[in-house]
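Note sheet for the following structure.
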Amino acid sequence: MRHEADSARLAERDTSRQAGVQDIRGPAASARGSAAADRETIATPNWDNEVLHAMEQGVLVWSREGICEMFNARVFDVLELRESDLQIGTQRRAFLAAAVARGEITSDRAEIAEARFAEGRPFAFDRKLPSGRTVATNIRPVRGGGSVVTFTDISKAKRAEAELALAKRQADRAHEQARVALEAQQSRQREARILSELDEWLQTCKSLDELFEIVRTFMDRTLCGSTGELYIYSNSRDVLDGVVSWGGAALHDHIAPDSCWSLRRGRAYDHNPDTISFVCDHVGDHHHDTHPKRYLCLPIIAHGDTVGLMHVGLDGLTDARLVGDPKGFATQVNEHVSLAIANVKLRDELRDQSTRDPLTGLYNRRYFLDAMRNALSHAGRKGHESALIAFDADKFKSFNDNHGHDAGDMVLRAIGQALTELFEGEDVPCRFGGEEFAVLLPHADASTAAEAAEKLRTTIEAVELRYGGGVLPTVTVSSGVAVYPASGNHPQDLIKAADEALYQAKADGRNRVCLARGLPGSALG
(Lines give C-alpha, C1' and ligand atoms only; values in the text may rest on other atoms or scores of the structure.)
Protein backbone atom coordinates (compact mmCIF):
# COMPACT_ATOMS: atom_id res chain seq x y z
CA MET A 1 0.00 0.00 0.00
CA ARG A 2 2.82 2.45 0.87
CA HIS A 3 4.45 1.70 -2.47
CA GLU A 4 1.21 2.53 -4.24
CA ALA A 5 0.81 5.82 -2.26
CA ASP A 6 4.35 6.90 -3.14
CA SER A 7 3.67 6.13 -6.79
CA ALA A 8 0.54 8.25 -6.63
CA ARG A 9 2.47 11.22 -5.18
CA LEU A 10 5.08 10.89 -7.93
CA ALA A 11 2.39 10.84 -10.57
CA GLU A 12 0.78 13.96 -9.13
CA ARG A 13 4.10 15.79 -9.10
CA ASP A 14 4.81 14.85 -12.71
CA THR A 15 1.36 16.00 -13.72
CA SER A 16 1.86 19.28 -11.90
CA ARG A 17 5.23 19.91 -13.52
CA GLN A 18 3.68 19.32 -16.94
CA ALA A 19 1.12 21.96 -16.04
CA GLY A 20 3.90 24.43 -15.13
CA VAL A 21 3.31 24.24 -11.29
CA GLN A 22 6.10 23.10 -8.94
CA ASP A 23 4.08 21.02 -6.50
CA ILE A 24 5.02 18.26 -4.12
CA ARG A 25 1.90 17.84 -2.05
CA GLY A 26 1.45 15.90 1.14
CA PRO A 27 -1.01 13.18 2.08
CA ALA A 28 -3.94 14.91 0.32
CA ALA A 29 -2.22 14.69 -3.03
CA SER A 30 -1.03 11.16 -2.40
CA ALA A 31 -4.62 9.90 -2.14
CA ARG A 32 -5.45 10.91 -5.68
CA GLY A 33 -4.55 9.30 -8.99
CA SER A 34 -5.43 6.05 -10.61
CA ALA A 35 -3.55 2.81 -10.17
CA ALA A 36 -2.67 2.88 -13.86
CA ALA A 37 -1.08 6.33 -13.56
CA ASP A 38 0.92 5.08 -10.54
CA ARG A 39 2.30 2.22 -12.57
CA GLU A 40 3.23 4.48 -15.43
CA THR A 41 5.07 6.89 -13.06
CA ILE A 42 6.94 4.12 -11.27
CA ALA A 43 8.21 2.88 -14.59
CA THR A 44 10.05 6.22 -15.10
CA PRO A 45 10.96 7.44 -11.51
CA ASN A 46 11.71 11.14 -10.81
CA TRP A 47 14.78 11.17 -8.55
CA ASP A 48 14.16 14.71 -7.20
CA ASN A 49 10.75 13.61 -6.02
CA GLU A 50 12.10 10.38 -4.54
CA VAL A 51 14.81 12.20 -2.58
CA LEU A 52 12.42 14.83 -1.19
CA HIS A 53 9.98 12.20 0.05
CA ALA A 54 12.74 10.04 1.51
CA MET A 55 14.17 12.86 3.67
CA GLU A 56 13.75 12.74 7.46
CA GLN A 57 13.27 16.51 7.41
CA GLY A 58 10.14 18.32 6.40
CA VAL A 59 10.73 20.63 3.42
CA LEU A 60 8.68 23.69 2.49
CA VAL A 61 9.25 26.30 -0.25
CA TRP A 62 7.93 29.85 -0.01
CA SER A 63 7.79 32.19 -2.96
CA ARG A 64 9.06 35.78 -2.92
CA GLU A 65 5.48 36.84 -2.08
CA GLY A 66 5.21 34.37 0.83
CA ILE A 67 3.04 31.80 -0.93
CA CYS A 68 3.58 28.05 -0.49
CA GLU A 69 4.89 26.59 -3.72
CA MET A 70 6.12 23.18 -2.65
CA PHE A 71 6.37 20.81 0.38
CA ASN A 72 7.04 17.16 1.06
CA ALA A 73 4.90 14.71 2.98
CA ARG A 74 7.32 14.64 5.91
CA VAL A 75 6.26 18.21 6.85
CA PHE A 76 2.97 16.93 8.24
CA ASP A 77 4.64 14.33 10.46
CA VAL A 78 7.40 16.59 11.75
CA LEU A 79 5.11 19.57 12.53
CA GLU A 80 2.12 17.39 13.54
CA LEU A 81 -0.11 19.16 10.98
CA ARG A 82 -3.45 18.26 9.50
CA GLU A 83 -3.86 18.27 5.72
CA SER A 84 -5.92 21.44 5.98
CA ASP A 85 -3.07 23.28 7.77
CA LEU A 86 -0.81 23.41 4.70
CA GLN A 87 -1.60 23.40 0.97
CA ILE A 88 -0.12 24.80 -2.21
CA GLY A 89 -1.02 28.47 -2.09
CA THR A 90 -1.07 28.77 1.72
CA GLN A 91 0.18 32.20 2.81
CA ARG A 92 3.25 32.33 5.02
CA ARG A 93 1.74 34.87 7.42
CA ALA A 94 -1.29 32.63 7.95
CA PHE A 95 1.01 29.63 8.45
CA LEU A 96 3.05 31.50 11.09
CA ALA A 97 -0.10 32.85 12.77
CA ALA A 98 -1.41 29.31 13.10
CA ALA A 99 1.89 28.30 14.74
CA VAL A 100 1.48 31.19 17.19
CA ALA A 101 -2.09 30.08 17.95
CA ARG A 102 -0.90 26.55 18.68
CA GLY A 103 1.75 27.94 21.03
CA GLU A 104 4.69 26.74 18.97
CA ILE A 105 6.26 30.20 18.65
CA THR A 106 5.54 33.65 20.06
CA SER A 107 3.99 36.49 18.10
CA ASP A 108 7.27 38.39 18.40
CA ARG A 109 9.12 35.42 16.96
CA ALA A 110 6.65 35.33 14.03
CA GLU A 111 7.18 39.06 13.31
CA ILE A 112 10.95 38.64 13.42
CA ALA A 113 10.69 35.68 11.05
CA GLU A 114 8.64 37.73 8.54
CA ALA A 115 11.21 40.50 8.68
CA ARG A 116 14.04 38.04 8.04
CA PHE A 117 12.15 36.50 5.10
CA ALA A 118 11.76 39.98 3.63
CA GLU A 119 15.49 40.67 4.07
CA GLY A 120 16.34 37.47 2.23
CA ARG A 121 18.90 36.35 4.84
CA PRO A 122 19.32 32.85 6.28
CA PHE A 123 18.14 32.35 9.85
CA ALA A 124 16.90 29.66 12.21
CA PHE A 125 14.77 29.16 15.30
CA ASP A 126 13.19 26.34 17.32
CA ARG A 127 9.51 25.44 17.64
CA LYS A 128 8.11 23.81 20.75
CA LEU A 129 5.16 21.67 19.65
CA PRO A 130 2.16 21.06 21.94
CA SER A 131 3.25 17.44 22.31
CA GLY A 132 6.52 18.61 23.82
CA ARG A 133 8.68 17.84 20.84
CA THR A 134 11.22 20.41 19.63
CA VAL A 135 11.60 21.15 15.91
CA ALA A 136 14.52 23.12 14.49
CA THR A 137 13.44 25.48 11.70
CA ASN A 138 16.17 26.52 9.23
CA ILE A 139 15.55 29.04 6.43
CA ARG A 140 17.78 29.54 3.40
CA PRO A 141 17.05 32.02 0.58
CA VAL A 142 17.03 30.83 -3.09
CA ARG A 143 17.48 32.64 -6.36
CA GLY A 144 14.37 34.40 -7.41
CA GLY A 145 13.57 35.70 -3.91
CA GLY A 146 11.96 32.65 -2.41
CA SER A 147 13.05 30.59 0.59
CA VAL A 148 13.51 26.92 1.37
CA VAL A 149 12.57 25.92 4.93
CA THR A 150 13.60 22.64 6.54
CA PHE A 151 11.99 21.26 9.70
CA THR A 152 14.06 18.81 11.78
CA ASP A 153 12.85 16.93 14.84
CA ILE A 154 15.60 17.54 17.41
CA SER A 155 13.68 16.31 20.45
CA LYS A 156 15.99 13.38 21.04
CA ALA A 157 19.04 15.56 20.54
CA LYS A 158 17.63 18.13 22.96
CA ARG A 159 16.88 15.43 25.51
CA ALA A 160 20.37 14.03 25.05
CA GLU A 161 21.78 17.55 25.38
CA ALA A 162 19.73 18.16 28.53
CA GLU A 163 20.76 14.79 29.95
CA LEU A 164 24.39 15.55 29.14
CA ALA A 165 24.11 18.99 30.74
CA LEU A 166 22.47 17.40 33.80
CA ALA A 167 25.17 14.76 33.97
CA LYS A 168 27.82 17.47 33.63
CA ARG A 169 26.19 19.50 36.42
CA GLN A 170 26.00 16.41 38.58
CA ALA A 171 29.63 15.59 37.82
CA ASP A 172 30.65 19.19 38.55
CA ARG A 173 28.66 19.10 41.79
CA ALA A 174 30.23 15.79 42.76
CA HIS A 175 33.67 17.16 41.89
CA GLU A 176 33.02 20.27 43.95
CA GLN A 177 31.77 18.20 46.87
CA ALA A 178 34.87 16.03 46.61
CA ARG A 179 37.08 19.12 46.46
CA VAL A 180 35.40 20.65 49.50
CA ALA A 181 35.61 17.35 51.37
CA LEU A 182 39.29 17.00 50.46
CA GLU A 183 40.03 20.56 51.56
CA ALA A 184 38.13 19.97 54.80
CA GLN A 185 40.08 16.74 55.38
CA GLN A 186 43.37 18.48 54.65
CA SER A 187 42.37 21.31 56.96
CA ARG A 188 41.52 18.84 59.73
CA GLN A 189 44.85 17.11 59.20
CA ARG A 190 46.71 20.43 59.39
CA GLU A 191 44.82 21.38 62.54
CA ALA A 192 45.55 17.97 64.05
CA ARG A 193 49.27 18.39 63.31
CA ILE A 194 49.28 21.89 64.80
CA LEU A 195 47.43 20.73 67.90
CA SER A 196 49.78 17.75 68.24
CA GLU A 197 52.75 20.10 68.07
CA LEU A 198 51.07 22.42 70.56
CA ASP A 199 50.51 19.49 72.92
CA GLU A 200 54.16 18.49 72.68
CA TRP A 201 55.30 21.97 73.67
CA LEU A 202 52.70 22.33 76.41
CA GLN A 203 53.59 18.98 77.96
CA THR A 204 57.29 19.83 78.12
CA CYS A 205 57.01 23.35 79.53
CA LYS A 206 58.21 23.62 83.12
CA SER A 207 56.28 26.66 84.27
CA LEU A 208 53.11 28.61 83.64
CA ASP A 209 55.17 31.48 82.22
CA GLU A 210 56.56 29.16 79.54
CA LEU A 211 53.07 27.85 78.87
CA PHE A 212 51.70 31.38 78.35
CA GLU A 213 54.50 32.21 75.91
CA ILE A 214 53.76 29.02 73.95
CA VAL A 215 50.08 30.00 73.70
CA ARG A 216 50.97 33.50 72.48
CA THR A 217 53.29 32.19 69.78
CA PHE A 218 50.89 29.52 68.50
CA MET A 219 47.89 31.84 68.34
CA ASP A 220 49.94 34.50 66.53
CA ARG A 221 51.14 32.05 63.89
CA THR A 222 48.10 29.85 63.36
CA LEU A 223 45.23 32.36 63.63
CA CYS A 224 47.04 35.05 61.64
CA GLY A 225 45.50 38.47 62.20
CA SER A 226 43.54 37.47 65.29
CA THR A 227 43.90 39.27 68.60
CA GLY A 228 43.49 37.88 72.07
CA GLU A 229 44.32 37.74 75.74
CA LEU A 230 44.64 35.08 78.41
CA TYR A 231 43.52 35.63 82.01
CA ILE A 232 44.03 33.40 85.06
CA TYR A 233 42.17 33.58 88.38
CA SER A 234 44.21 35.06 91.21
CA ASN A 235 44.69 33.06 94.40
CA SER A 236 41.95 35.12 96.05
CA ARG A 237 39.52 34.22 93.21
CA ASP A 238 38.11 37.75 93.24
CA VAL A 239 39.78 38.85 89.97
CA LEU A 240 41.49 37.35 86.94
CA ASP A 241 45.05 38.47 86.22
CA GLY A 242 46.13 39.22 82.64
CA VAL A 243 49.04 36.91 81.80
CA VAL A 244 49.60 37.12 78.02
CA SER A 245 48.22 38.71 74.83
CA TRP A 246 48.82 38.40 71.07
CA GLY A 247 48.07 40.25 67.86
CA GLY A 248 48.58 43.64 69.47
CA ALA A 249 45.66 43.21 71.89
CA ALA A 250 45.62 45.45 74.97
CA LEU A 251 45.95 43.31 78.10
CA HIS A 252 44.09 44.23 81.29
CA ASP A 253 46.09 43.86 84.49
CA HIS A 254 42.93 42.47 86.10
CA ILE A 255 39.33 41.83 85.07
CA ALA A 256 36.34 41.01 87.25
CA PRO A 257 34.71 37.58 86.83
CA ASP A 258 31.34 39.21 86.13
CA SER A 259 32.79 41.37 83.30
CA CYS A 260 32.59 38.46 80.85
CA TRP A 261 29.41 36.77 79.60
CA SER A 262 31.25 33.50 79.19
CA LEU A 263 32.24 33.35 82.88
CA ARG A 264 28.79 34.47 83.97
CA ARG A 265 27.06 31.85 81.82
CA GLY A 266 29.63 29.11 82.42
CA ARG A 267 30.24 28.28 78.76
CA ALA A 268 31.81 29.59 75.56
CA TYR A 269 30.42 32.90 74.32
CA ASP A 270 30.42 33.79 70.61
CA HIS A 271 29.82 37.50 70.07
CA ASN A 272 28.37 37.86 66.56
CA PRO A 273 26.64 41.06 65.33
CA ASP A 274 24.37 38.92 63.14
CA THR A 275 22.82 37.30 66.23
CA ILE A 276 21.49 38.52 69.56
CA SER A 277 24.69 39.19 71.50
CA PHE A 278 26.08 41.78 73.89
CA VAL A 279 29.59 43.12 74.36
CA CYS A 280 31.49 41.90 77.43
CA ASP A 281 32.53 44.66 79.82
CA HIS A 282 36.19 43.67 79.65
CA VAL A 283 36.04 44.11 75.85
CA GLY A 284 34.09 47.35 75.93
CA ASP A 285 36.47 48.85 78.50
CA HIS A 286 39.32 48.49 76.02
CA HIS A 287 37.61 49.29 72.74
CA HIS A 288 34.64 51.47 73.67
CA ASP A 289 32.78 52.13 70.39
CA THR A 290 35.35 50.26 68.27
CA HIS A 291 35.17 46.87 69.98
CA PRO A 292 35.61 43.77 67.76
CA LYS A 293 32.46 42.79 65.90
CA ARG A 294 33.25 39.06 66.14
CA TYR A 295 35.06 37.50 69.08
CA LEU A 296 35.06 34.44 71.31
CA CYS A 297 35.32 34.21 75.09
CA LEU A 298 36.28 30.71 76.21
CA PRO A 299 36.42 29.70 79.88
CA ILE A 300 39.52 27.72 80.83
CA ILE A 301 38.26 24.75 82.82
CA ALA A 302 40.61 22.36 84.60
CA HIS A 303 39.29 19.29 86.42
CA GLY A 304 35.81 20.81 86.55
CA ASP A 305 37.03 24.11 87.98
CA THR A 306 37.16 27.37 85.99
CA VAL A 307 40.71 28.68 86.30
CA GLY A 308 40.81 31.36 83.63
CA LEU A 309 39.55 32.90 80.38
CA MET A 310 40.75 33.02 76.78
CA HIS A 311 39.51 35.93 74.65
CA VAL A 312 39.97 35.69 70.84
CA GLY A 313 39.11 38.53 68.41
CA LEU A 314 38.32 37.23 64.90
CA ASP A 315 37.78 40.45 62.93
CA GLY A 316 41.29 40.75 61.54
CA LEU A 317 41.89 37.19 60.32
CA THR A 318 44.08 37.40 57.21
CA ASP A 319 45.06 33.82 56.37
CA ALA A 320 42.63 30.89 56.40
CA ARG A 321 45.02 28.39 54.80
CA LEU A 322 46.23 26.89 58.05
CA VAL A 323 42.85 26.30 59.66
CA GLY A 324 39.47 25.91 58.04
CA ASP A 325 37.31 26.85 61.00
CA PRO A 326 38.93 29.56 63.17
CA LYS A 327 36.20 29.38 65.81
CA GLY A 328 36.44 25.60 66.11
CA PHE A 329 40.24 25.72 66.11
CA ALA A 330 40.35 28.37 68.85
CA THR A 331 37.96 26.25 70.90
CA GLN A 332 40.21 23.20 70.50
CA VAL A 333 43.32 25.21 71.43
CA ASN A 334 41.51 26.41 74.54
CA GLU A 335 40.70 22.82 75.53
CA HIS A 336 44.34 21.79 75.14
CA VAL A 337 45.54 24.87 77.05
CA SER A 338 43.02 24.17 79.82
CA LEU A 339 44.37 20.65 80.27
CA ALA A 340 47.98 21.89 80.16
CA ILE A 341 47.33 24.55 82.80
CA ALA A 342 45.70 21.95 85.00
CA ASN A 343 48.71 19.67 84.61
CA VAL A 344 51.23 22.44 85.35
CA LYS A 345 49.27 23.56 88.40
CA LEU A 346 49.04 19.98 89.66
CA ARG A 347 52.74 19.51 89.02
CA ASP A 348 53.51 22.75 90.89
CA GLU A 349 51.33 21.66 93.79
CA LEU A 350 53.07 18.30 94.00
CA ARG A 351 56.47 19.95 93.75
CA ASP A 352 55.52 22.43 96.48
CA GLN A 353 54.36 19.58 98.68
CA SER A 354 57.70 17.85 98.21
CA THR A 355 59.91 20.96 98.44
CA ARG A 356 58.11 23.30 100.82
CA ASP A 357 57.43 23.33 104.53
CA PRO A 358 53.67 23.08 105.08
CA LEU A 359 53.64 25.36 108.16
CA THR A 360 55.63 28.35 106.86
CA GLY A 361 55.48 27.88 103.09
CA LEU A 362 59.28 28.13 102.94
CA TYR A 363 61.48 25.66 101.07
CA ASN A 364 62.36 22.54 103.05
CA ARG A 365 65.80 21.14 103.89
CA ARG A 366 66.01 18.78 100.91
CA TYR A 367 65.28 21.48 98.36
CA PHE A 368 67.63 23.88 100.12
CA LEU A 369 70.58 21.50 99.99
CA ASP A 370 70.04 20.89 96.25
CA ALA A 371 69.88 24.64 95.70
CA MET A 372 73.12 25.10 97.65
CA ARG A 373 74.96 22.50 95.58
CA ASN A 374 73.81 24.16 92.33
CA ALA A 375 74.67 27.66 93.58
CA LEU A 376 78.16 26.73 94.75
CA SER A 377 78.84 24.86 91.48
CA HIS A 378 77.80 27.92 89.48
CA ALA A 379 79.87 30.22 91.73
CA GLY A 380 82.92 28.00 91.21
CA ARG A 381 82.55 28.15 87.41
CA LYS A 382 81.89 31.90 87.29
CA GLY A 383 84.30 32.89 90.08
CA HIS A 384 81.91 34.80 92.35
CA GLU A 385 80.97 34.48 96.02
CA SER A 386 77.85 32.96 97.60
CA ALA A 387 76.62 33.45 101.16
CA LEU A 388 74.63 31.46 103.71
CA ILE A 389 72.69 32.85 106.68
CA ALA A 390 71.79 30.33 109.41
CA PHE A 391 69.54 31.49 112.27
CA ASP A 392 67.03 30.30 114.84
CA ALA A 393 64.53 31.79 117.27
CA ASP A 394 66.05 32.56 120.67
CA LYS A 395 64.80 30.53 123.65
CA PHE A 396 62.06 28.97 121.50
CA LYS A 397 61.72 25.87 123.69
CA SER A 398 60.94 28.04 126.73
CA PHE A 399 58.50 30.05 124.59
CA ASN A 400 56.65 26.86 123.63
CA ASP A 401 56.60 25.65 127.24
CA ASN A 402 55.20 28.96 128.49
CA HIS A 403 52.71 29.79 125.71
CA GLY A 404 51.91 26.48 124.02
CA HIS A 405 52.66 25.00 120.66
CA ASP A 406 49.91 26.94 118.89
CA ALA A 407 51.56 30.18 119.87
CA GLY A 408 54.91 28.70 118.83
CA ASP A 409 53.49 27.82 115.40
CA MET A 410 52.26 31.39 115.09
CA VAL A 411 55.81 32.62 115.71
CA LEU A 412 57.22 30.26 113.09
CA ARG A 413 54.65 31.41 110.52
CA ALA A 414 55.51 35.03 111.28
CA ILE A 415 59.21 34.30 110.69
CA GLY A 416 58.31 32.56 107.42
CA GLN A 417 56.25 35.59 106.33
CA ALA A 418 59.18 37.92 107.14
CA LEU A 419 61.56 35.77 105.08
CA THR A 420 59.16 35.67 102.12
CA GLU A 421 58.85 39.46 102.14
CA LEU A 422 62.58 40.17 102.54
CA PHE A 423 64.08 37.66 100.12
CA GLU A 424 63.02 37.14 96.50
CA GLY A 425 64.43 36.34 93.10
CA GLU A 426 67.39 33.96 93.35
CA ASP A 427 67.50 34.06 97.16
CA VAL A 428 66.31 30.84 98.78
CA PRO A 429 64.76 31.07 102.29
CA CYS A 430 64.35 27.73 104.06
CA ARG A 431 63.05 26.17 107.28
CA PHE A 432 65.64 23.57 108.24
CA GLY A 433 63.46 22.10 110.95
CA GLY A 434 61.92 23.17 114.28
CA GLU A 435 62.94 26.79 114.93
CA GLU A 436 66.01 26.57 112.65
CA PHE A 437 66.05 28.56 109.39
CA ALA A 438 68.53 29.39 106.64
CA VAL A 439 68.81 31.74 103.66
CA LEU A 440 70.96 31.12 100.58
CA LEU A 441 72.22 34.28 98.84
CA PRO A 442 73.79 32.96 95.58
CA HIS A 443 75.58 36.19 94.59
CA ALA A 444 76.27 37.89 97.97
CA ASP A 445 79.60 38.65 99.63
CA ALA A 446 80.17 38.82 103.41
CA SER A 447 79.16 42.49 103.73
CA THR A 448 75.93 42.07 101.74
CA ALA A 449 75.00 38.93 103.65
CA ALA A 450 75.68 40.59 107.03
CA GLU A 451 73.44 43.53 106.07
CA ALA A 452 70.67 41.14 104.99
CA ALA A 453 70.98 39.18 108.26
CA GLU A 454 70.80 42.37 110.30
CA LYS A 455 67.72 43.57 108.44
CA LEU A 456 66.10 40.19 109.06
CA ARG A 457 66.94 40.40 112.79
CA THR A 458 65.40 43.87 113.20
CA THR A 459 62.33 42.94 111.14
CA ILE A 460 61.54 39.88 113.28
CA GLU A 461 62.21 41.79 116.49
CA ALA A 462 59.65 44.38 115.43
CA VAL A 463 56.89 41.80 114.82
CA GLU A 464 53.99 42.05 117.31
CA LEU A 465 51.90 38.90 117.71
CA ARG A 466 48.52 38.73 119.43
CA TYR A 467 47.34 35.43 120.83
CA GLY A 468 44.59 34.48 123.26
CA GLY A 469 43.46 38.06 123.83
CA GLY A 470 46.98 39.30 124.63
CA VAL A 471 50.29 40.21 123.05
CA LEU A 472 53.01 37.58 122.93
CA PRO A 473 56.54 38.43 124.08
CA THR A 474 58.96 39.81 121.50
CA VAL A 475 60.72 37.14 119.48
CA THR A 476 64.38 37.57 118.57
CA VAL A 477 66.76 35.57 116.39
CA SER A 478 70.49 34.88 116.38
CA SER A 479 72.28 34.51 113.02
CA GLY A 480 75.53 33.18 111.67
CA VAL A 481 76.93 34.13 108.23
CA ALA A 482 79.29 32.02 106.08
CA VAL A 483 80.61 32.79 102.59
CA TYR A 484 81.89 30.62 99.72
CA PRO A 485 84.80 30.07 99.17
CA ALA A 486 86.29 31.72 102.26
CA SER A 487 84.27 29.53 104.63
CA GLY A 488 84.54 26.34 102.58
CA ASN A 489 84.03 24.83 99.14
CA HIS A 490 81.17 22.43 99.88
CA PRO A 491 77.65 22.86 101.26
CA GLN A 492 78.47 20.99 104.47
CA ASP A 493 81.50 23.26 104.99
CA LEU A 494 79.38 26.42 104.77
CA ILE A 495 76.65 24.96 107.00
CA LYS A 496 79.22 24.02 109.64
CA ALA A 497 80.85 27.48 109.48
CA ALA A 498 77.48 29.26 109.67
CA ASP A 499 76.39 27.08 112.64
CA GLU A 500 79.61 27.92 114.51
CA ALA A 501 78.95 31.63 113.93
CA LEU A 502 75.35 31.13 115.11
CA TYR A 503 76.52 29.46 118.32
CA GLN A 504 78.91 32.38 118.84
CA ALA A 505 76.03 34.84 118.44
CA LYS A 506 74.08 33.00 121.10
CA ALA A 507 77.13 32.89 123.37
CA ASP A 508 77.54 36.65 122.91
CA GLY A 509 74.03 37.28 124.26
CA ARG A 510 71.61 36.31 121.40
CA ASN A 511 69.63 38.67 119.13
CA ARG A 512 72.66 39.44 117.03
CA VAL A 513 74.56 38.55 113.82
CA CYS A 514 77.97 36.88 113.87
CA LEU A 515 80.29 36.24 110.88
CA ALA A 516 82.05 32.92 110.34
CA ARG A 517 85.71 32.47 111.14
CA GLY A 518 88.06 34.14 108.66
CA LEU A 519 85.54 36.67 107.29
CA PRO A 520 86.27 40.40 107.59
CA GLY A 521 84.79 41.70 110.87
CA SER A 522 84.41 38.22 112.36
CA ALA A 523 84.64 37.99 116.16
CA LEU A 524 85.86 34.39 115.87
CA GLY A 525 89.62 33.81 116.05
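Fair warning: this is a prediction, and the values are worked out from it, not measured in the lab. Starting from 1, each residue takes its place in the sequence as its number.
In the model, Asp357 has a side-chain atom that pairs as donor or acceptor with a side-chain atom of Thr360 under 3.5 Å. Residues His443 and Glu426 have side chains that bring a donor and an acceptor to within less than 3.5 angstrom of each other. A donor-acceptor pair shorter than 3.5 Å can be found between the side chains of Ser377 and Arg381. With hydrogens and angles left out, the side-chain atoms of Asp209 and Ser207 include no donor and acceptor closer than 3.5 Å.
For the pair Thr204 (side chain) and Glu200 (backbone), a donor-acceptor distance under 3.5 Å is present. Checking side-chain atoms of Arg431 against main-chain N and O of Leu362 turns up no donor-acceptor pair under 3.5 Å. Judged by distance alone, the side chain of Asp499 and the main-chain N or O of Ala390 form no donor-acceptor pair under 3.5 Å. For the pair Ser487 (side chain) and Leu494 (backbone), a donor-acceptor distance under 3.5 Å is absent. Looking at Thr448, its side chain never comes within 3.5 Å of a backbone N or O of Ala444 through a donor-acceptor pair. At distances below 3.5 Å, not a single donor-acceptor pair connects side-chain atoms of Thr275 with backbone N or O atoms of His271. Side-chain N or O atoms of Asp315 include one that pairs as donor or acceptor with a backbone N or O of Arg294 at under 3.5 Å. Proximity of a side-chain donor or acceptor of Ser259 to a complementary backbone N or O of Ile255 within less than 3.5 Å is not detected. Under a 3.5 Å cut-off, the side chain of Ser196 and the backbone N or O of Ala192 do not form any donor-acceptor pair. Of the possible donor and acceptor atoms, none in the side chain of Ser386 sits under 3.5 Å from a partner among the backbone N and O of Ala379.
Every residue two or more places apart in sequence or in another chain that forms a salt bridge (charged side-chain N to carboxylate O under 4.0 Å, His left out) with Lys397 is listed here: Asp401. Every residue was checked against the salt bridge (charged side-chain N to carboxylate O under 4.0 Å, His left out) condition with Asp258, not counting sequence neighbours, and none meets it. Here Asp427 pairs with nothing under the salt bridge (charged side-chain N to carboxylate O under 4.0 Å, His left out) rule; sequence neighbours left out. Remark: Tyr484 engages no residue in a ring pair (Phe, Tyr, Trp, His ring centres under 6.0 Å) (not counting sequence neighbours). Remark: His378 engages His384 in a side-chain hydrogen bond (donor to acceptor under 3.5 Å, both in side chains) (not counting sequence neighbours). Residues meeting the side-chain contact (heavy atoms from CB on, under 4.5 Å) test with Lys506, sequence neighbours left out: Asp392, Asp394, Ser478, Leu502, Arg510. Listed by chain and residue number, nothing satisfies the ring pair (Phe, Tyr, Trp, His ring centres under 6.0 Å) test with Tyr233 (two or more places apart in sequence, or in another chain). For Phe432, the ring pair (Phe, Tyr, Trp, His ring centres under 6.0 Å) partners at least two apart in sequence or on another chain are Phe368. Residues meeting the ring pair (Phe, Tyr, Trp, His ring centres under 6.0 Å) test with Phe123, sequence neighbours left out: Phe117. Remark: Glu461 engages Arg457 in a salt bridge (charged side-chain N to carboxylate O under 4.0 Å, His left out) (not counting sequence neighbours).
None of Lys168, Arg169, Gln170 except one satisfies the side-chain hydrogen bond (donor to acceptor under 3.5 Å, both in side chains) rule with Asp172; the exception is Lys168.
Expressed to the nearest 0.5 Å, how far CD of Glu183 lies from CZ of Arg190 amounts to 8.5 Å. From Asn364, atom CG reaches atom OG of Ser354 across 7.0 Å, with rounding to the nearest 0.5 Å. If you take CD1 on Ile300 and CG on Leu263, they are separated by 9.5 Å, rounding to the nearest 0.5 Å. A distance of 13.5 Å separates CZ of Arg356 from CZ of Arg366, quoted to the nearest 0.5 Å.
By the 4.0 Å N-to-carboxylate-O rule, Lys345 lies too far from Glu349 to be salt-bridged with it. Salt-bridge formation is detected for the pair Arg216/Glu213: a Lys NZ or Arg NE/NH1/NH2 atom is positioned less than 4.0 Å from an Asp or Glu carboxylate oxygen.
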| request: In sequence, state the C-alpha distance, the side-chain angles, and the governing distance for Asp238 and Ser236, and then conclude on side chain to side chain donor-acceptor pair (under 3.5 Å). | output: CA-CA 5 Å; Asp238 57 340; Ser236 61; 2.2 Å; yes
| message | Between Trp246 and Val312, is the side-chain contact (heavy atoms from CB on, under 4.5 Å) condition met? List the steps. | response | CA-CA 9 Å; Trp246 61 89; Val312 184; 4.1 Å; yes
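Pairing each heavy atom of Ser277 with each of Asn272, the nearest pair is OG-O, 2.9 Å.
Heavy atoms from other residues, nucleotides or ligands lying under 6.0 Å from OH of Tyr503 number 12 at most.
Side-chain contact check for Val333 versus Leu198: some heavy-atom pair is nearer than 4.5 Å. Residues Leu309 and Leu298 are not in side-chain contact: their nearest non-hydrogen atoms beyond the backbone lie 4.5 Å or more apart. Proximity of Leu240 to Ile232: side-chain heavy atoms (C-beta onward) are nowhere separated by under 4.5 Å.
Annotation: side-chain hydrogen bond (donor to acceptor under 3.5 Å, both in side chains) contacts involving residues 329-339, sequence neighbours excluded, comprise Asp199-His336.
The aromatic rings of His252 and His282 stand perpendicular to each other, their planes meeting at an angle above 60°, with 30° marking the opposite boundary. Aromatic ring orientation, Tyr367 versus Tyr363: parallel (interplanar angle below 30°, classes split at 30° and 60°). Under the 30°/60° scheme for interplanar angles, the aromatic rings of Phe278 and Trp261 are found to be tilted.
Between His311 and Tyr295, the ring centre distance stays below 6.0 Å.
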Less than 3.5 Å apart, which donor and acceptor atoms pair up between the side chains of residues 418-425 and the rest of the protein, not counting sequence neighbours?
unit_1: Thr420; atom_1: OG1; unit_2: Gly416; atom_2: O; d: 2.9
unit_1: Glu421; atom_1: OE2; unit_2: Gln417; atom_2: NE2; d: 2.8

